[in-house]
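Report on the following structure.
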Amino acid sequence: MRKLIVIAGIAVIAGIFLSNATAQDGGQGAPGLGDPFYDRLGNGGYDTLHYMIDLSVDVNTNTISGTTTIEAEATQTLTGFNLDFAGLKISDISVNDVSADYSRDDFELIVIPATPIEEGATFVTVVTYSGIPTPYPDPSVDGFPIGWLRFGGTIFVMSEPGGAMSWFPNNNHPSDKATYTFEITVPELYVVAATGLPVDEIDNGDTRTFVSEMNDPMASYLASISVGDFVRVDETGPDGLLIRNYFPTDQAEELTDAFSPTGEMIAFFSDLFGPYPFDVYGAVVVTIPFGGALENQTLSIFGTDAVDEYTIVHELSHQWFGDSVSPATWDDIWLNEGFATYAEALWAEYLDGETGLTDYMDELYDYMVEEELGPPGLPDSSDLFNGAVYLRGGWTLHALRLKVGDEAFFEILRTYYARFQYANASTEDFIAVAEEISGEDLTGFFQMWLYDEEVPEMPE
Ligand code: TRP
Ligand code: ZN
C-alpha cells in the first residue's frame, strides 16, 4: 500500500516536471534563425511546407492586393510565431480559419493565434494585405534596394538575399524551403512570368490570372514574378524539358537567338553535375539595364544589358548550386557564386578545350591578384556579392581540381550535389565531401584558399 503511494507520488512529481518541460518548449517561436549575417531573417518554431501567393497587381499604381497562404508544421508548441514581412498594409490574419492577433516590429510580423499550435501539427496561416511594396535596402548589398521593383511599365522581383519579405510574408531564410503556388492577376495586356511550371491562364475579362506551380522546394529569396509586355517563347530542352522564356515583345527575335544555347548548356551540366533539378527552366529579360542577372528558381532574370553567353551559363549553373543546393547560412555564399563562376570556366572548356579553361582562369587570377581579393569563406557582410566570393571562390574549385585530379574533382561535385540537392549545405559539408572522395586531408588547402587573407600562389 505504502509503496504504491510512493510510486504515485513519484509519478505526480514526474508529471510536474514533464509539464514544466513542455511549457518551456512552447511559447513564441524565435524571431531569427541565428544566421551570422542576419540574426532576424527567418524565424524559429516551424517549418514551412507550401506557400500560395495570390495577388492582384495594378501595374499603373504599382499596388498589390491579395493573400499569402502558408502551410507550415510546428516544430515546437507555439503560442505564437513570427513571419518576416516589410511594409504593406495587413487587413487580416487567420490561423486555421480563426482570426489571429498580430503586431509588427520593423520587418518582424508577430502572429498570436487564438489557440496555441501543438508541436508537430500542421497549421495554415492566411495573411490578407495590400499596398505599394517598398524595396528592401539590404545591408548586405551595399544599400542597393532589392525585392519588389518597378521600372517604367515593368515590375519584377529580385530578392537575394533578404528582399522576399517586400512582397509576401515568409520565413525569410534559405534553410526553410517550401513548394509554392503563384496566382497572379494582372490587366489583360500584361503577361506574368513566374517561377515554377505555368499550369493555367484564366481569362477574367479585363484581367488575366497566371497560375504556376513550384513543385520542388524553394528558398523564398528565389521566388519571383515579373509583369510586363512579354512574349513567351518556348523551346524544348534535353529529355523534353520545357524551356519557357519571357522576352520584351520588341526584342523577342534577337533574345531568342541569344538564349538558344540554353538546352545545350542544360545537357552539359546535367552530364557533369547530375540531372537538372527542376521540371522547367527559362529566362525572363526585363528592359532595365541594371547590369546584372539573378538565378530565380526555374526562371533566371536578366537585365537587357546582361544578356551574354557567360552570364546565361552562370545563372543556369546556379539552378544546381544555389537553388537546388542552397547555402546553410549567408556567409556560405561562395558555395553559390564561386561555383557559378567556375561553371563559366567549365563552359569555356567545353567550347574551346583546355586553352578555353586556362585562358578563363588565368584572367581571373590576374584580376584576383591585382585587386588583392580577400578570403571567400569570410565574406564582407556589408558587401556579400563582392569579387572575392566570385573569383577567388571559383579559383578555390579550380585549385581543388588541380590538386585532386579531374576524376576525383568531378566525383566530388556530383556527390556534393546528389547529397544536398533540394536542401542546404555549408562550407564544412563541402569540405567533408572533398576529403571523403579524394581521401586526402584538405584542411590546409581550404584554409589557404577560403580563409587566409593573402591570395594563394597560382597552383602548378
Ligand atoms: N546571384 C546573382 C548572381 O548570379 C547576384 C545577385 C545577388 C543579384 N543579389 C542580387 C542580382 C540582387 C540582382 C539583384 O551573380
Ligand atoms: Zn551568381
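The first residue in the sequence is number 1, and the count goes up from there. Atoms within each ligand, like the ligands themselves, are counted from 1 in listed order.
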- Message: Is it the case that over 12 heavy atoms from other parts of the model lie below 6.0 angstrom from the CD atom of Glu253?
- Response: no

- Could you pull out the atom name of the N/O/S atom in His314 that is nearest the Zn ion (ligand 2)? NE2

- Proximal heteroatom of Glu337 relative to the Zn ion (ligand 2) (N/O/S): OE1

Give me the nearest non-hydrogen protein atom to [atom] as residue plus atom name, then the distance to 0.1 Å.
{"atom": "atom 9 (N) of ligand 1", "result": "Glu160 O, 2.9 Å"}
{"atom": "atom 3 (C) of ligand 1", "result": "Tyr390 OH, 3.4 Å"}
{"atom": "atom 11 (C) of ligand 1", "result": "Ala293 O, 3.4 Å"}
{"atom": "atom 8 (C) of ligand 1", "result": "Leu294 CD1, 3.9 Å"}

- Message: Below a 4.0 angstrom heavy-atom separation, can you tell me which part of Ser159, side chain or backbone, both or neither, approaches ligand 1?
- Response: neither

- How does Met158 reach ligand 1, if at all, at less than 4.0 Å between non-hydrogen atoms: by side chain, backbone, both, or neither? side chain

Donor-acceptor under 3.5 Å ([X] side chain, [Y] main chain):
{"X": "Thr75", "Y": "Gly45", "result": "yes"}
{"X": "Asp176", "Y": "Gly42", "result": "no"}
{"X": "Thr298", "Y": "Gly196", "result": "yes"}
{"X": "Asp239", "Y": "Leu241", "result": "no"}

Give the numbers and elements of all ligand 1 atoms closer than 4.0 Å to a heavy atom of [X].
{"X": "His314", "answer": "3 (C), 4 (O), 15 (O)"}
{"X": "His318", "answer": "4 (O)"}
{"X": "Glu295", "answer": "1 (N), 2 (C), 3 (C), 4 (O)"}

- Query: Name the one of Asp84, Asn172, Thr48 that satisfies side-chain hydrogen bond (donor to acceptor under 3.5 Å, both in side chains) with Asn43?
  - Reply: Asp84

- Near the Zn ion (ligand 2), is there an N/O/S atom from Glu315 that is less than 2.8 Å away? no

- Message: Students often mix this up, so state it plainly: with edges at 30° and 60°, are the rings of Trp395 and His398 parallel, tilted or perpendicular?
- Response: perpendicular

- Task: Would you mind telling me which of Tyr416, Phe273, Phe269 makes a ring pair (Phe, Tyr, Trp, His ring centres under 6.0 Å) with Phe339?
- Result: Tyr416

